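Working notes, beginning with the structure itself.
Lettering follows sequence order; numbering is per chain, from 1. Keep in mind that what you see is a predicted model, and the values were worked out from it rather than measured.
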Number of protein chains: 2
Amino acid sequence: MSLHAPKLAPRDCGDCQIRHRAVCARCDGDELARLEEMKYYRSFQAGQNIVWSADRMDFVGSVVSGIATLTQTMEDGRRQMVGMLLPSDFVGRPGRAIAPYDVTAVTDLVMCCFRRKPFEEMMATTPHVAQRLLEMTLDELDAAREWMLLLGRKTAREKIASFLTILARRETGLKAKTPKGQISFDLPLTREEMADYLGLTLETVSRQMSALKRDGVLELEEKRRITVPNYDRLAEETGDDADGGMLA
Amino acid sequence: MSLHAPKLAPRDCGDCQIRHRAVCARCDGDELARLEEMKYYRSFQAGQNIVWSADRMDFVGSVVSGIATLTQTMEDGRRQMVGMLLPSDFVGRPGRAIAPYDVTAVTDLVMCCFRRKPFEEMMATTPHVAQRLLEMTLDELDAAREWMLLLGRKTAREKIASFLTILARRETGLKAKTPKGQISFDLPLTREEMADYLGLTLETVSRQMSALKRDGVLELEEKRRITVPNYDRLAEETGDDADGGMLA
DNA sequence: CGTCTTCCTTGATCCGGATCAAATGAAAGG
DNA sequence: CCTTTCATTTGATCCGGATCAAGGAAGACG
């Protein structure tokens, strides 16, 4: 669930601006103050599970730093990642007590949380917050549907390229549609996590990364550090049409 | 986007109860009346396109009868269905003018519509409606994520079985989790449309349907009319765990 | 009636990605 | 330094589903 550029500049509200922008870009001072009182922080270590599927989830919140993933697992162990949460992304389901998937910290992670009940009560009395959450949920739904196209119809090479363009876009300012020229960034996920995201095996991920490197689409100086010499060249590999593809 | 059982009994409001339950299960009389004034109907023929991807979409609404689909298409023609709308499902994206996918009537279809602008204005002043829409969007998101698991990790046979359990559940009362015994229903989609839904080819869909028939999981008396002699036997084929799988 | 057309089934073959297996490299710890 | 561990790469082989191709069944319509 990613953050749209707020319509209004975020107000200064202590050390947790990210969270306020995420859930309350258009709130007035009172609402900000009420949110401020309710918040608390939780830290997680890399690899630590935050919520298990089918468990109660008694909080909502935003990622302050680090990366979390949402995954679904079948009885026999097949896994599919269904969401990746980067800083400023929102976690949680107002009105829903039970988590339908595992939430896991893949790096060290700090979240800014609100207990679910009082948050919901506040939501009921401040229409802006409900509307903001609806917007964010619609964004997530768009992203999920784009991902369904990727999972159902793209080749392994296109999947990898699509994934990298998403990271590249997150890197160069939130949601900039067409970054230009050379971009470097770290891969936040292991090959296996990428495979779970893309509906592939880790071997196929590794092979396709090597192939893209061989073809000059990217450089891999450190296995987890990538340089894309030419964003447009990478974008051609995604199978999306030229004008951006992942746009909402 | 499917309809939760309303918390309150729907009020009698003319010939369009479905729509009111969908967007306004908890509205009071005034709000119902305002919705009533705004509504209008649109009919579409089987196969007719309702909205093209990237077009403006100036209405929201509910399906009254018939079936519509949401699909994304790649430049080279690869298609992935990303949603299937049955009666009472909601269509449209409050706050979003541009449709990110094609909306198509796959059968003759009647929709109950509201112009987007006034609907949004009403939403801003009636918190119940925004909250109801948030709930519905969260349901859709859950369904999309379940679908991502299907697309990314299930075998062709599991995909077909999963699809049929969804239809079977819709058939036996909305969202009943485990229908019992024998169920018969019509297949609303062609083999090709099923393939687009499941990330397969139409040949594979046909072959797997034949295989399930050969194995006694289902009977196909008329190609588009299915009988499942034992729901649990079908559910075993989905790969989901025994307690329902598709539950939210 | 015969001929389209559309939808579906079935067969033969191919290929992309999965699976099985081994080796490399880097970091951590004794 | 050596050993262990974990992430990654690469090779060899296999197989599920795609692709190519042909034929059948049911309307629609002259």
Side-chain angles (χ1 to χ4, degrees), chain A residues 45-47 67 69 74 76-80 106-107 150-164 186-215 218-226 237 239, chain B residues 45-48 67 74 76-80 104 106-108 150-164 186-215 218-226 237 239:
Chain A
Q45 295 179 334
I67 294 178
T69 60
M74 293 170 70
D76 60 5
R78 281 175 281 174
R79 287 161 58 84
Q80 177 63 52
V106 295
T107 64
L150 177 147
L151 290 170
R153 296 303 188 191
K154 288 190 178 180
T155 65
R157 187 181 174 100
E158 289 169 342
K159 287 179 177 182
I160 300 285
S162 300
F163 177 71
L164 295 177
D186 290 318
L187 289 173
L189 305 184
T190 65
R191 299 290 184 265
E192 184 170 21
E193 287 160 345
M194 287 175 64
D196 284 343
Y197 208 146
L198 299 170
L200 297 170
T201 59
L202 69 93
E203 293 96 329
T204 298
V205 171
S206 180
R207 269 187 256 272
Q208 295 298 336
M209 297 277 287
S210 298
L212 288 170
K213 180 181 173 186
R214 171 170 42 71
D215 298 343
L218 53 83
E219 288 149 30
L220 265 175
E221 45 256 39
E222 280 175 56
K223 283 177 197 221
R224 297 289 283 274
R225 175 95 193 153
I226 264 195
E237 298 284 349
Chain B
Q45 293 179 335
Q48 194 179 352
I67 295 179
M74 293 171 69
D76 60 5
R78 280 175 281 174
R79 288 162 58 85
Q80 177 63 52
T104 310
V106 294
T107 65
D108 287 344
L150 177 147
L151 290 171
R153 296 303 188 190
K154 288 190 178 180
T155 64
R157 187 180 175 102
E158 288 169 342
K159 287 178 177 183
I160 300 286
S162 300
F163 177 70
L164 294 178
D186 290 318
L187 289 174
L189 305 184
T190 66
R191 299 291 185 264
E192 183 169 23
E193 287 160 345
M194 288 175 64
D196 284 343
Y197 208 148
L198 300 170
L200 298 169
T201 59
L202 69 94
E203 293 96 330
T204 298
V205 171
S206 180
R207 268 186 256 273
Q208 294 298 335
M209 297 276 288
S210 298
L212 289 170
K213 179 181 173 186
R214 171 171 41 70
D215 298 343
L218 54 83
E219 287 148 30
L220 265 175
E221 45 256 42
E222 280 177 54
K223 283 178 198 224
R224 297 289 283 273
R225 174 95 192 154
I226 265 195
E237 299 283 349

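The side-chain heavy atoms of B:Lys159 and B:Leu200, taken from C-beta on, include a pair separated by under 4.5 Å. Side-chain contact between A:Asp186 and A:Glu222: absent, with no pair of heavy atoms (C-beta onward) separated by less than 4.5 Å.
The distance from atom CZ of A:Arg214 to atom P of D:dG11 is 11 Å, rounded to the nearest whole Å. Rounded to an integer number of Å, the gap from A:Leu189 CG to D:dA7 C1' is 14 Å. Whole-Å rounding puts the A:Glu222 CD to D:dA7 P distance at 17 Å. Taking atom CZ of A:Arg78 as the reference point, atom P of C:dT19 lies 9 Å away to the nearest angstrom. Atom CD of A:Glu158 and atom C1' of C:dG16 are 12 Å apart (whole Å). Rounding to whole angstrom units, CD1 of residue A:Ile160 and P of C:dG16 are separated by 16 Å. If you take CD of B:Glu221 and C1' of D:dA25, they are 17 Å apart, rounded to a whole angstrom. Taking atom CD of B:Glu192 as the reference point, atom P of D:dT19 lies 12 Å away to the nearest angstrom.
Atom-to-atom distance recorded for A:Ile160:CD1 and A:Arg207:CZ is 12.0 Å, nearest 0.5 angstrom.
When distances are taken from the side chain of B:Leu202 to each of C:dT9, D:dA18, C:dG17, the shortest belongs to C:dT9. Checking D:dT9, C:dT9, D:dG11 against every side-chain atom of B:Ser210, the shortest atom distance belongs to C:dT9. Checked against C:dG17, D:dT19, D:dT10, the side chain of B:Glu203 finds its nearest nucleotide in D:dT19. Of the candidate nucleotides D:dT9, C:dT10, C:dG17, C:dG17 has the atom lying nearest to any side-chain atom of A:Gln208.
B:Gly47 comes within 4.0 angstrom of no nucleic acid atom, judged by non-hydrogen atoms across all strands. A:Arg224 comes within contact range of the sugar-phosphate backbone alone, with a heavy-atom separation under 4.0 Å but no base atom that close. Residue A:Leu200 is classed as a sugar-phosphate contact, given heavy-atom separations below 4.0 Å to backbone atoms only. Within the 4.0 angstrom heavy-atom criterion, base atoms lie near A:Thr201.
Here B:Arg191 reaches the OP1 or OP2 of C:dT9: one of its side-chain N or O atoms lies under 4.0 Å away. At the phosphate of C:dT6, neither OP1 nor OP2 sits under 4.0 Å from any side-chain N or O atom of B:Thr190. Taking side-chain N and O atoms only, B:Ser206 has no distance below 4.0 Å to OP1 or OP2 of C:dC8.
Other residues, nucleotides and ligands contribute more than 12 heavy atoms inside 6.0 Å of the CD atom of A:Glu221.
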Requested in this report: Go through A:Glu219 and A:Lys213 one step at a time and tell me if the salt bridge (charged side-chain N to carboxylate O under 4.0 Å, His left out) criterion holds.
Outcome: CA-CA 6 Å; A:Glu219 288 149 30; A:Lys213 180 181 173 186; over 6 Å; no
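Ion pair A:Arg157/A:Asp215 flagged as a salt bridge, since at least one NZ, NE, NH1 or NH2 atom sits closer than 4.0 Å to an Asp/Glu carboxylate oxygen.
Each of A:Arg207 and A:Lys223 has a nearest nucleotide on DNA chain C; the 5'-most of these lies closest to A:Arg207. When the nearest nucleotides of DNA chain D are assigned to A:Arg153 and A:Val205 by heavy-atom distance, the more 5′-ward of the two goes with A:Val205.
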